[in-house]
Amino acid sequence: MAAGTFLEAGLARVLFYPTLLYTLFRGKVPGRARRDWYHRIDPTVLLGALPLRSMTRRLVQDENVRGVITMNEEYETRFLCNSSKVYNWSPEEAVRAITKIRSHIHIRSGQLEVLKEFHKEITAGAAKKETYHTSQT
């Protein structure tokens, strides 16, 4: 099972840049084959591919983007994106930071519980991954 996971991760890394080039190409071609990089979902949300550095100025100025949430792997963002620091906040710390910036946002207790559960799963997975890497070296 571990060998399959390792091969899967390796294959994802090998295929990432060729598929990124394909996606960039599809964004430039005219007609029905064209794919937009992102779509506006509502007045505050854009949904799409990870914004590359070359897109940052336009997204900030034209679309009023103030933050990006990504579920990409680190190797996918390392060279091509404007990355900011990772805070490693607890859900409560993150909610406090968000509400300090955006006082109109209210997180209900049920939403906070979902965030806590997600945070617990992510930190447990990261700890397991760190233990695995440490024991392999």
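Keep in mind it's a predicted model, so treat the numbers as computed, not measured.
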For Val29, the hydrophobic cluster (side chain heavy atoms closer than 4.5 Å, chained through members) also holds Phe25
Could you work out the complete set of other residues in the hydrophobic cluster of Val14, with links drawn between I, L, V, M, F, W and Y side chains under 4.5 Å apart? none
Looking at side-chain heavy atoms only, is the closest gap between [X] and [Y] below 4.5 Å?
X: Val95; Y: Leu115; answer: yes
X: Arg57; Y: Asp62; answer: no
X: Pro91; Y: Leu112; answer: yes
X: Val65; Y: Pro51; answer: no
X: Leu52; Y: Leu24; answer: yes
X: Lys116; Y: Glu92; answer: yes

Suppose the criterion is salt bridge (Lys or Arg N to Asp or Glu O under 4.0 Å): which pairs have a residue in residues 21-33, not counting sequence neighbours?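 Pairs touching residues 21-33 that pass the test: none.
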When you measure from the side chain of Asp42 to the backbone N and O of Val45, does any donor-acceptor pair fall under 3.5 Å?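 Yes; at least one donor-acceptor contact below 3.5 Å.
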Donor-acceptor contact present, side-chain Arg40 to main-chain Pro43, <3.5 Å: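 Checked: pair present.
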Taking atom [atom1] of [X] and atom [atom2] of [Y], what is their separation to the nearest 0.5 Å?
X: Met55; Y: Arg58; atom1: CE; atom2: CZ; result: 6.0 Å
X: Glu63; Y: Tyr38; atom1: CD; atom2: OH; result: 4.0 Å
X: Ser90; Y: Arg96; atom1: OG; atom2: CZ; result: 6.0 Å
X: Thr44; Y: Asn64; atom1: OG1; atom2: CG; result: 10.0 Å
X: Thr23; Y: Leu50; atom1: OG1; atom2: CG; result: 11.5 Å
X: Glu113; Y: Ile107; atom1: CD; atom2: CD1; result: 12.5 Å

